[in-house]
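Sequential numbering from 1 along the given sequence is applied to the chain's residues. Start at 1 and go down the list; that is how both ligands and their atoms are numbered.
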Amino acid sequence: MFKRFRRLRANETIRSLVRETVLTADDFMYPLFVKEGNFEKKEIASMPGVFQMDIDDIVKECGTMLEIGLKSVLLFGIPDTKDSVGSECLCDNSLIVRTIKAIKKEYPQMYIATDLCFCEYTDHGHCGILNPKTQSVDNDATLEISAQQAINHAKAGADMIAPSGMMDGIIGVLRNALDENGFENLPIMSYSTKFASAFYGPFRDVAESAPSFGDRRTYQMDVANRLEAIEESLEDEKQGADILMVKPALSFLDIIRDIRNNTNLPLAAYNVSGEYAMLKLAGIHGLVDYERVMMEKLLSMKRAGANIIITYHAKEACEILKNQ
Ligand code: PBG
């Protein structure tokens with residue numbers, strides 16, 4: 001005798017009754033890129049459908065998002081001035097600060113997580129400040145100014161801080177700084193397991209944040225390491241992270257599952273720019289059924305164990321879910 005699995009696949013009603021994983025609009029967080037100035041929103045060649053926007057357009061975009069049930073953004077800033085320490089993001093009238101305030105004024109219900117890093121703000125494009133002797137990122141000096149950046153975001157009204165620079169010890173430092181400044185209820189979503197991946201290529205076009213020399217392998221993780229990936233996330237949990245993350249998502253679904261099995265914290269998956277661009281281009285060229293492949297890959301991230309999916313597909317996915 002063999003088991004007849006096809007019994008429970010006979011029609012959509014029974015299939016939906018036994019379906020184990022279901023995507024909803026609540027699963028998604030949408031990355032937005034605000035750029036200094038007053039200009040027509042500018043589409044990124046390597047990421048069709050993704051734009052650099054000025055503050056006014058970001059606010060409008062938030063309105064569109066809310067209409068389709070998309071309630072949270074991950075905010076990135078592209079300043080017009082860069083220097084060796086990223087001063088722009090340390091001042092209390094920074095681009096991100098002004099953007100948070102503008103969004104909250106119009107749409108107080110929009111949930112704003114802010115990416116906290118230095119690569120968009122430094123002239124060398126690294127995720128922290130450099131040790132002048134070694135020209136390598138100075139971990140502990142970067143921690144100090146990261147706290148200042150976090151407090152700026154918090155004071156402006158951010159709902160969540162998301163440090164992405166992969167500096168050791170950053171979660172503990174940010175938690176202390178937030179607590180000492182009266183933001184003990186502000187959650188931290190750590191980019192806890194972030195790999196030195198080639199899939200970030202298109203993002204660096206959008207965020208204008210490619211390193212001017214070298215690479216990020218002294219702070220981001222070796223893509224080959226599975227046990228270290230778990231350790232990285234568990235260490236951030238110990239330091240007080242509220243949400244953990246695996247980034248990128250698609251080539252790292254095994255890691256999402258590993259971490260899911262090792263923690264009870266909520267887990268985010270970042271479906272990064274290169275993953276988006278590859279599918280987008282395949283869709284534009286008619287090579288695959290774009291919408292079905294997109295939903296399948298987003299579902300795979302949730303099935304792997306992610307509770308939150310950060311994705312440039314979020315608007316398209318919500319439109320599809322709304323019309324189902
Ligand atoms: C900044 C940052 C990066 C991404 C998110 N935050 C780029 C990087 O580490 O070089 C990548 C996002 C994407 O590729 O979609 N540190």
Side-chain angles (χ1 to χ4, degrees), residues 28-34 44-52 73-79 82 86 88-89 95-96 113-122 124-130 137 139 142-143 145-146 149-150 153 160-168 170-171 174 188-223 232 243-252 268-281 297-298 301 306 308-315:
F28 303 121
M29 189 176 255
Y30 191 48
L32 286 181
F33 299 92
V34 62
I44 302 305
S46 54
M47 293 180 77
V50 175
F51 296 83
Q52 292 180 334
V73 304
L74 179 58
L75 197 57
F76 294 89
I78 311 157
K82 303 186 186 225
E88 202 282 341
C89 66
L95 173 62
I96 287 291
T114 53
D115 182 85
L116 189 153
C117 197
F118 284 91
C119 59
E120 299 98 331
Y121 300 96
T122 51
H124 45 73
H126 278 286
C127 299
I129 51 179
L130 300 179
V137 171
N139 193 88
T142 301
L143 296 184
I145 56 172
S146 297
Q149 194 184 153
H153 294 184
M160 181 185 279
I161 307 291
S164 68
M166 286 294 279
M167 294 301 125
D168 290 325
I170 190 158
I171 302 303
L174 294 185
I188 298 175
M189 174 167 70
S190 175
Y191 284 65
S192 52
T193 298
K194 178 175 176 181
F195 291 94
S197 166
F199 282 96
Y200 307 149
F203 171 95
R204 294 178 188 167
D205 294 342
V206 195
E208 302 176 3
S209 65
S212 61
F213 66 91
D215 55 41
R216 306 209 198 287
R217 286 172 214 239
T218 69
Y219 39 103
Q220 298 179 350
M221 268 197 63
D222 187 332
V223 297
E232 273 281 7
I243 299 177
L244 303 175
M245 190 194 298
V246 175
K247 178 182 171 193
L250 219 41
S251 303
F252 300 87
Y270 199 137
N271 176 210
V272 302
S273 56
E275 300 169 343
Y276 172 87
M278 287 194 307
L279 177 54
K280 200 78 198 178
L281 269 290
K297 80 172 184 169
L298 296 172
M301 294 166 203
I308 300 170
I309 302 169
I310 302 166
T311 179
Y312 306 99
H313 294 295
K315 270 171 72 183

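In summary, the aromatic rings of Phe213 and His126 are positioned with their centroids under 6.0 Å apart.
With sequence neighbours left out, the salt bridge (charged side-chain N to carboxylate O under 4.0 Å, His left out) criterion links Lys297 to no other residue. Taking the ring-ring contact (aromatic ring centres under 6.0 Å, His included) definition, one finds that Phe252 meets it with Phe195, sequence neighbours left out. Not counting sequence neighbours, the partners of Tyr312 by the ring-ring contact (aromatic ring centres under 6.0 Å, His included) test are Tyr276.
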For ligand 1, output the ligand-protein N/O contacts shorter than 3.5 angstrom; if there are none, return none.
residue: ligand 1; atom: 6 (N); partner: Lys247; partner atom: NZ; Å: 3.4
residue: ligand 1; atom: 9 (O); partner: Lys194; partner atom: NZ; Å: 2.8
residue: ligand 1; atom: 9 (O); partner: Gln220; partner atom: NE2; Å: 2.8
residue: ligand 1; atom: 10 (O); partner: Arg204; partner atom: NE; Å: 2.7
residue: ligand 1; atom: 10 (O); partner: Arg204; partner atom: NH2; Å: 2.7
residue: ligand 1; atom: 10 (O); partner: Arg216; partner atom: NE; Å: 2.9
residue: ligand 1; atom: 10 (O); partner: Arg216; partner atom: NH2; Å: 3.3
residue: ligand 1; atom: 14 (O); partner: Ser273; partner atom: N; Å: 3.3
residue: ligand 1; atom: 14 (O); partner: Ser273; partner atom: OG; Å: 2.7
residue: ligand 1; atom: 15 (O); partner: Ser273; partner atom: N; Å: 2.7
residue: ligand 1; atom: 15 (O); partner: Tyr312; partner atom: OH; Å: 2.6
residue: ligand 1; atom: 16 (N); partner: Ser164; partner atom: OG; Å: 3.3
residue: ligand 1; atom: 16 (N); partner: Lys194; partner atom: NZ; Å: 2.9

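Between Val272 and Pro202 the shortest side-chain heavy-atom distance does not fall below 4.5 Å.
For the pair Lys194 and Tyr270, the NZ or CZ position fails the cation-pi test of under 6.0 Å to the six-membered ring centre and within 45 degrees of the ring normal.
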